[in-house]
Amino acid sequence: MQYPAMRTASKSDRIMAQVLGAVENGLLKPGSRIASIRTAALNQGVSKNTVADAYDRLVASGVLEVRRGAGYFVAQLPVRQQARRQDVMEALNLISLLREQTDHHYRLRPGEGRPPPSWMEESELARHLAQAGRRQHRGEAHAYGSSWGYAPLREQVALSLTERSIRCSADQVLLTQGANHALDLVIRQMVVPGDRVLVDDPGYYPLFAKLRLAKAEVIGVRRNPDGPDLRDLGAKLSQGPTRAFFTQSFAHNPTGGTLSPPIARGVVELAEQHGVLLVEDDAFADLLPSTKPRLASLGGLGRVLYVGTYSKTLSASLRVGFLAGGVATVEALNDLKLLTIVSTSQYAERLVARLIEEGHYLRHLRRLRRRVEAATTEALRNLSEIGLPLNRPPDGGFYLWAELPNGIPEAALCRLAATQSIFLAPGAVFSPGATIRPPALRINVAHASDPHFLTFLRRSFLKPRPW
């Protein structure tokens, strides 16, 4: 998605400005209902989609709120003219989907980015989590601990990376509060305003928001099923000095694609040719074979910063992740971590280390792989039967990338789903320029076969609608 500070104001921008001005000038009072999307579209001489986009962005920035079945209302708290910087507003707009995932209570969640609790901490693993928690040492588990993180877990991470042919020692590993925290540290340390930064397109949308907040120039690199498009990557790198390329290797979010060996080698060669830092996000690594050709195994931890997490495979609530890189780079990132949050949770890190040490995590991964495989098989069959034939993601993971038939606009489909308490993830949010064509959805395999969701899709595809 593009924003007013970066281009000529669009119709949607002008509607936003009108509403915001009316609120700030007291013409629209807190709690008052504003014109419906239909009425505003007629009054402004624009499409309903244009008004809906403006309203949704105002909701994301806290100016408006939605009351289901009643419409849009001015937020109860008064808007302060200088309450949020423009870069913060832009970043918040980009993560509006994340807010929907965390703050709203939809009955069905096929657009969810995370695994369901029943697959994770509410599964067979729950008993071992509870036992490990009761066995925590008194005092030590509740102290700050080292800013580097719990040493035995760092050693376990280094060992797992060595098994992936990534040469790594424990002093090259920094524990973080999940992959998002690791990415945030990297951006704060490595990216300055105005830097050209490349990302997957489509790719991981919370990353786009972090980069916008850092005032970077965010440029998408076309993502194919087998990884970044090398011709597009080479062309983008040739257009000017580039600070970094952030990419996901396997079980790609949102497409489910995977990095092939020739593409992996090509990415590393281009990065070396242009002197570009690679930041490799490998969130699903523990579900995949260790023999996969990681960028970090080909380019080494001098050229590549490697990011991992236990949130996607163990528990989203524990918030334990890590980054690995060259010794000097990781030391600098640790200094930044110390300045910003002091340290991560030793309690959570000890829990993860104990589950790994006692073999519970490995057994959990085996069950999780079977769940993902079974859910994917069922989802592909059911979606194909209703007119969405999809290819099986080669490396598992939670995501299917479903291109919509008959030119159905994804934003309108998602709004219609929301009226039925179904949370969908539109393809456009996964592009830094909102340029996904054709329209698409990211679908989580864990929720894809829900009968109500399938019925909704079937009716939406077959029944003509005034999109």
Side-chain angles (χ1 to χ4, degrees), residues 97 101 109-116 119-120 179 199-208 220-229 246-261 263-264 267 280-289 292-295 307-309 311-313 316 365 368-384 386-405 410 414 423-431 436-450 453-454 457:
L97 183 67
Q101 293 184 75
R109 308 181 69 83
E112 178 70 77
R114 299 166 296 186
W119 285 17
M120 310 296 280
V199 298
D200 290 334
D201 188 2
Y204 186 52
Y205 71 90
L207 170 66
F208 308 159
V221 173
R222 186 165 51 251
R223 180 80 186 204
N224 296 329
D226 60 350
D229 185 296
F246 290 77
T247 185
Q248 288 193 343
S249 298
F250 307 105
H252 178 251
N253 184 1
T255 68
T258 201
L259 187 66
S260 71
I263 298 299
V267 170
E280 181 176 24
D281 184 353
D282 200 6
F284 290 96
D286 288 343
L287 289 176
L288 308 174
K292 290 288 181 181
R294 271 86 185 177
L295 300 178
V307 174
T309 182
S311 295
K312 287 287 196 293
T313 54
L365 288 174
L368 183 58
R369 289 188 192 102
R370 292 195 293 269
R371 281 191 170 109
V372 171
E373 183 177 358
T376 301
T377 298
E378 184 180 12
L380 293 174
R381 182 181 64 250
N382 290 330
L383 292 171
S384 178
I386 64 171
L388 273 182
L390 306 174
N391 295 322
R392 176 181 287 273
D395 281 326
F398 299 148
Y399 310 119
L400 299 173
W401 187 248
E403 295 182 353
L404 297 176
E410 60 190 39
C414 293
F423 170 65
L424 297 182
V429 303
F430 300 99
S431 171
I436 295 297
R437 294 292 182 273
L441 299 175
R442 182 193 68 182
I443 299 177
N444 189 318
V445 298
H447 307 280
S449 295
D450 185 285
F453 173 54
L454 295 172
L457 288 182

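Note that the structure is a prediction, hence the values are computed from the model and not measured. We number each residue from 1, following the sequence as shown. Below, all heavy atoms of this structure are taken into account, side chains as well, without hydrogens, waters or symmetry copies.
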- Item | Full working for side chain to side chain contact (heavy atoms under 4.5 Å, CB included) between Phe453 and His447 | CA-CA 8 Å; Phe453 173 54; His447 307 280; over 6 Å; no
- Message: If I take atom CG from residue Leu365 and atom CG from residue Leu288, how far apart are they, to the nearest 0.5 angstrom?
- Response: 10.0 Å
- Which atom of Ala251 lies closest to which atom of Gly397, heavy atoms considered: CB-CA, 3.8 Å
- Message: Can you list everything that forms a salt bridge (Lys or Arg N to Asp or Glu O under 4.0 Å) with Asp282? Sequence neighbours excluded, please.
- Response: Arg294
- Nearest non-hydrogen partners of Lys312 and Gly113, listed with the distance: CE-O, 3.7 Å
- Query: Excluding sequence neighbours, so at least two apart, what forms side chain to side chain donor-acceptor pair (under 3.5 Å) with Arg369?
  - Reply: none
- Query: Quick check: does any side chain N or O of Asn444 sit under 3.5 Å from a backbone N or O of Glu112, one acting as donor and the other as acceptor?
  - Reply: yes
- Note on the structure: Residues passing the side chain to side chain contact (heavy atoms under 4.5 Å, CB included) test with Pro389, sequence neighbours excluded, are Ser384
- Nearest 0.5 Å, what's the CG-CG distance between Leu400 and Leu441? 11.0 Å
- Correct closest heavy-atom pair for Gly387 and Pro405 would be O-CG, 4.4 Å
- Item | Distance in Å, Asn253 CG paired with Phe430 CZ, rounded so as to fall on 0.5 Å steps | 6.0 Å
- Message: Working to the nearest 0.5 angstrom, can you tell me the gap between Leu259 CG and Glu280 CD?
- Response: 7.5 Å
- Would one find more than 12 heavy atoms of other residues, nucleotides or ligands at under 6.0 Å from atom CG of Asn391? no
- Item | Shortest non-hydrogen separation from Ala425 to Gly111 and the atoms involved | CB-O, 3.6 Å
- Query: Under the salt bridge (Lys or Arg N to Asp or Glu O under 4.0 Å) test, which residues partner Asp450, sequence neighbours left out?
  - Reply: none
- Is there a side-chain contact between Pro394 and Arg392 (heavy atoms, below 4.5 Å)? no
- Shortest non-hydrogen separation from Val199 to Phe208 and the atoms involved: CG2-CE2, 3.5 Å
- By ring-ring contact (aromatic ring centres under 6.0 Å, His included) - contacts of Phe284 (at least two apart): Phe398, Tyr399
- Message: Is any side-chain heavy atom of Ile443 closer than 4.5 Å to one of Leu424?
- Response: no
- Is the shortest heavy-atom distance from the side chain of Arg442 to the side chain of Val429 under 4.5 Å? no
- Task: Report the distance from atom CD of Glu373 to atom CG of Leu287, rounding to the nearest 0.5 Å.
- Result: 11.5 Å
- Taking all heavy atoms of Ala448 and all of Leu454, pick out the closest pair and write down the distance. O-CD2, 3.5 Å
- Message: With a 4.5 Å cut-off on side-chain heavy atoms, are Arg222 and Pro228 touching?
- Response: no
- Sub-3.5 Å donor-acceptor pair from the side chain of Glu410 to the main-chain atoms of Ala440, do we have one? yes
- Task: Evaluate side chain to side chain contact (heavy atoms under 4.5 Å, CB included) for Asp200 paired with Leu207, printing each intermediate quantity in order.
- Result: CA-CA 10 Å; Asp200 290 334; Leu207 170 66; over 6 Å; no
- Query: Under the salt bridge (Lys or Arg N to Asp or Glu O under 4.0 Å) test, which residues partner Asp201, sequence neighbours left out?
  - Reply: none
- Query: For the atom pair CG (Leu295) and CG (Asp281), what is the distance rounded to the nearest 0.5 Å?
  - Reply: 11.0 Å
- Got a donor-acceptor contact below 3.5 angstrom from the Glu403 side chain to the Pro438 backbone? no
- Partner of Leu380 under side chain to side chain contact (heavy atoms under 4.5 Å, CB included), picked from Leu388, Val445, Leu390, is Leu390
